[in-house]
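Worksheet: one structure, shown below.
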Amino acid sequence: HAYPADELMPLTCRGRVRGQEPSRGDVDDALGKFSLTLIDTLDTLVVLNKTKEFEDAVKNVIKDVNLDNDIVVSVFETNIRVLGGLLGGHSVAIMLKEKGEYMQWYSGELLHMAKQLGYKLLPAFNTTSGLPYPREYARKALDFLWEKRQRNSNLVGVTINIHTGDWVRKDSGVGAGIDSYYEYLLKAYVLLGDDRFLERFNTHYDAIMRYISQPPLLLDVHIHKPMLNARTWMDSLLAFFPGLQVLKGDIRPAIETHEMLYQVIKKHNFLPEATGDPYYLEVGKTLIENLNKYARVPCGFAAMKDVRTGSHEDREESFGSGPKPPLRARDFMASNPEHLEILKKMGVSLIHLKDGRVQLVQHAIQAASSLDAEDGLRFMQEMIELSSQQQKEQQLPPRAVQIVSHPFFGRVVLTAGPAQFGMDLSKHSVGTRGFVATSKPYNGCSEITNPESVKEKIALMQRGQCMFAEKARNIQKAGAIGGIVIDDNEGSSSDTAPLFQMAGDGKNTDDIKIPMLFLFNKEGNIILDAIREYEAVEVLLSDKAKDRDLEMENMDQKSSENDSHKRRPEETSASEDLSLVSQEPEGEESSDVTHLDSLSPVDADSDSISISNQESCITEIHEAIVQETESTELDNKPQEQSQTERDSSSNVNWDNRVQPMESILADWNEDIEAFEMMEKDEL
């Protein structure tokens, strides 16, 4: 589906080519138009005993991969995935050739390509005076980081200025941004036999076990104040650490952390790695089964967008992990220069007012990219919620639309936005299942003219022209058992925009009994494309994806009928006897300001902040004061009735009970004081 592209897009069944798809920001720097996934997985084919496929793949790499591309790439990702992939492929090619059956024609072509790529990466190391031999570049980088460790704690930070050698982010852990340093330090000793690398690793390891290890957790700390936690949560990339502990020979803490991670997997289906113990083989088997059960889609393996709903993302990394998470409002510190740089990239400026307050203003057009603008809008939304200290969650959790008919059988799960009216899917364990039909008129804003088509079906409608509740009433009157509203904004996707709940019309909506869900344009088109190809498409509307219909899938595979594109509705069924799990709302990025209507009115009996469609929104931090530029208003009058939201408007309302912020500010001031103390310590 994707060759010779760098990555597969498993939901849309085509390759991801840089420049031809919407930019994902820094994540796309891994794509260099060099068949990334194929090269990264060359040696995996041999591990899986796919020797003939490996030989064919090597021939394709030699024939088609071009390393002369004028393109900006991530040095780290290109080094470990492409250079490493070429070297790994060369190693197993030589092994097979020596056995005498395969690869007899091979003459070191992959090694030559690796050498060519290595020289292309060398200029990235020229930030200071270099050593004359390329093999010493990596050693020099390791030496530099060792010299820059914090001498009292023996910890290193996450981000360093390559020109000045100053730490930009002074928090330390074993997860994203720092994991590979510790891993490669120990493996450098294993590979090169230099005792200095082992001594350095042991020094760092002692510090990790003293400060970062808080059994069974591994929590980030400040390098200057290692007894002070930098955050209270862990990222998934630290899952490698128990394996590194086993390599070192420190088994007991490895078992403790691994067991904690496995318990997370048993709840959410995904996470760790394995050793030789039969117990860990079972853990590994569980992971493989979960990948096939929950991540496999007709064209590959889709990334999990949300483990709570089982919804998918149109992305398949060559290695299977995710990007570094964006800056969250709860982690922001005005004294952190890296945080200020991130704000600038997101189009957010920080203004110190004369009265001592700090003001944040976002201008989307000043962001470095559209994705950065989305991150900025999400950050501003989080900061507004933080400043109002509103504890009660008003947002409903996301829902799932699962395609259960042939040939999908529940393998494709789409993230859907809920409605504030109609059937509450969280209270119906089996959800609502039925074949889909397009309503006429497509906007669903007047009496349905094809009731015979939508009766006992789930009606598809396009967003716009009238209120969501009006659409629901019209299809319910026509006999529909549910409704899906598809966004009319071309290219919108749950990958880049926050899900929103469809609001009512300000009237009593108790008359609406059917479930209603919202799909962005991209996800909606997946259903529409399926209709065009298979005609009869059955979906399940639920609060969480259900297990695939393996029985029906196996029957289909055994069937001798080849024409499966025109199945009648009664020919397909799926299991419904599954439980549901409630979930919390997602904290996803926002796509653009025109989508602010994606957030619904909340708590009409309290003061609220109304943010209209504009290019900037402002958050006052210190005294729970939230202000806005231009058309943003602070409404302090009690609202007598529910506000209405037309799905074609761009209006957002947040509940803002202006309350004292002592607890938030106390934590904030403590962090600021800690950083000020760190600066003094460093001086």
Does the side chain of S91 come within less than 4.5 Å of D43's, by heavy atoms?
no
Please round to the nearest 0.5 Å and tell me the distance separating atom NZ of K546 and atom OG of S429.
6.5 Å
So do the side chains of N154 and D206 get within less than 4.5 Å of each other, counting heavy atoms only?
no
Residues which pass salt bridge (Lys or Arg N to Asp or Glu O under 4.0 Å) with R151, listed by chain and number, not counting sequence neighbours:
E147
Quick one: does Q362's side chain have a donor or acceptor within less than 3.5 Å of a partner on L343's backbone?
no
Looking only at atom types and distance, does a side-chain atom of Q150 sit under 3.5 Å from a main-chain N or O of S153, one as donor and one as acceptor?
yes
Looking only at heavy atoms, which two atoms of A114 and L87 are closest? And how far apart?
CB-CD2, 3.7 Å
Say whether, by atom type as modelled, one donor and one acceptor occur between the side chain of H312 and the main chain of V413 under 3.5 angstrom.
yes
In the structure I gave you, are the side-chain heavy atoms of I39 and L86 within less than 4.5 Å of one another anywhere?
yes
Side-chain atoms of residues 240-254: list all donor-acceptor pairs with protein atoms under 3.5 Å, sequence neighbours left out, distances to 0.1 Å.
from : atom 1 : to   : atom 2 : distance (Å)
Q245 : OE1    : A254 : N      : 3.4
Q245 : NE2    : Y205 : OH     : 3.2
K248 : NZ     : N202 : OD1    : 3.0
D250 : OD2    : Y205 : OH     : 2.5

W146 (side chain) donor-acceptor with A141 (main chain) under 3.5 angstrom
no
Counterpart residues, salt bridge (Lys or Arg N to Asp or Glu O under 4.0 Å), relative to D29 (two or more places apart):
R18
CG of L36 to OG1 of T78: how many Å apart, nearest 0.5 Å?
8.0 Å
Non-neighbouring partners of K187 that pass side-chain hydrogen bond (donor to acceptor under 3.5 Å, both in side chains), sequence neighbours left out:
E183
I'd like to check the side-chain hydrogen bond (donor to acceptor under 3.5 Å, both in side chains) partners of Y181; sequence neighbours left out, ordered by chain and number.
H204
Between the CD1 atom in I223 and the NZ atom in K170, the distance rounded to the nearest 0.5 Å is 7.0 Å
Between E77 and R81, is the closest basic N to carboxylate O distance under 4.0 Å?
yes
With distance as the sole criterion, is a donor-acceptor pair present between the side chains of T37 and D40 under 3.5 Å?
no
Identify whether the distance between the nearest side-chain nitrogen and carboxylate oxygen of R200 and D143 falls below 4.0 Å.
yes
Audit row: D220, N229, side-chain contact (heavy atoms from CB on, under 4.5 Å) steps and yes/no
CA-CA 6 Å; D220 287 12; N229 285 345; over 6 Å; no
Y184 and L142, any side-chain heavy atoms less than 4.5 Å apart:
no
Looking at every non-hydrogen atom in both residues, tell me the closest pair between T415 and S494 and how far apart they are.
CB-OG, 3.9 Å
I288 side chain reached by N292 side chain, heavy atoms, under 4.5 Å
yes
Can you name the closest pair of heavy atoms from G173 and I178 and give their distance?
O-CG2, 3.1 Å
Could you check if a side-chain atom of T286 sits within less than 4.5 angstrom of a side-chain atom of Y262, using non-hydrogen atoms only?
yes
For E341, give me all partners under side-chain hydrogen bond (donor to acceptor under 3.5 Å, both in side chains), at least two apart in sequence or on another chain.
none
Could you grab the distance from atom CG of L185 to atom CG of L145, nearest 0.5 Å is fine?
9.5 Å
Going by side-chain contact (heavy atoms from CB on, under 4.5 Å), name the residues that satisfy it together with P215, two or more places apart in sequence or in a different chain.
S213, E256
What residue among I80, N79, V73 forms side-chain contact (heavy atoms from CB on, under 4.5 Å) with F76?
I80
About how many Å separate CZ of R296 and CG of N290, when rounded to the nearest 0.5 Å?
14.0 Å
Taking side chain as C-beta onward, heavy atoms only, is D179 less than 4.5 Å from L238?
no
Taking all non-hydrogen atoms of both residues into account, name the closest pair between A302 and P10 and its distance.
CA-CG, 3.5 Å
Whether the side chain of E313 engages the backbone of R315 through a donor-acceptor N/O pair (distance < 3.5 Å, no angle test) should be reported.
no
What is the distance from atom CG of D194 to atom CG of L198, rounded to the nearest 0.5 Å?
9.5 Å
Could you work out, with side-chain hydrogen bond (donor to acceptor under 3.5 Å, both in side chains) as the rule, every residue matching D424, not counting sequence neighbours?
R399, S426
Can you list everything that forms a side-chain contact (heavy atoms from CB on, under 4.5 Å) with L191? Sequence neighbours excluded, please.
none
Is the backbone N or O of G157 less than 3.5 Å from a side-chain atom of S172, with the two atoms forming a donor-acceptor pair by type?
no
Contacts of E316 that satisfy salt bridge (Lys or Arg N to Asp or Glu O under 4.0 Å) - sequence neighbours left out
none
Is there a side-chain contact between D6 and R16 (heavy atoms, below 4.5 Å)?
no
Are the charged groups of E382 and R378 less than 4.0 angstrom apart, N to O?
yes
Verdict with reasoning, F379 to L360, per side-chain contact (heavy atoms from CB on, under 4.5 Å)
CA-CA 10 Å; F379 177 84; L360 294 175; 3.8 Å; yes
Can you confirm whether N49 is buried at CG, in the sense that more than 12 heavy atoms of other residues, nucleotides or ligands lie under 6.0 Å from that atom?
no
Pair R149-L155, side-chain contact (heavy atoms from CB on, under 4.5 Å): steps then yes or no
CA-CA 6 Å; R149 74 190 186 284; L155 295 172; over 6 Å; no
Under the side-chain contact (heavy atoms from CB on, under 4.5 Å) test, residues paired with V168 that sit two or more places apart
T159, N161, E338
Salt bridge (Lys or Arg N to Asp or Glu O under 4.0 Å) against R24, all qualifying residues, sequence neighbours excluded
E7, D28
side-chain contact (heavy atoms from CB on, under 4.5 Å) between D171 and V221: does it pass, once the steps are laid out?
CA-CA 5 Å; D171 47 317; V221 300; over 6 Å; no
Any donor-acceptor N/O pair, T41 side chain to T44 backbone, under 3.5 Å:
no
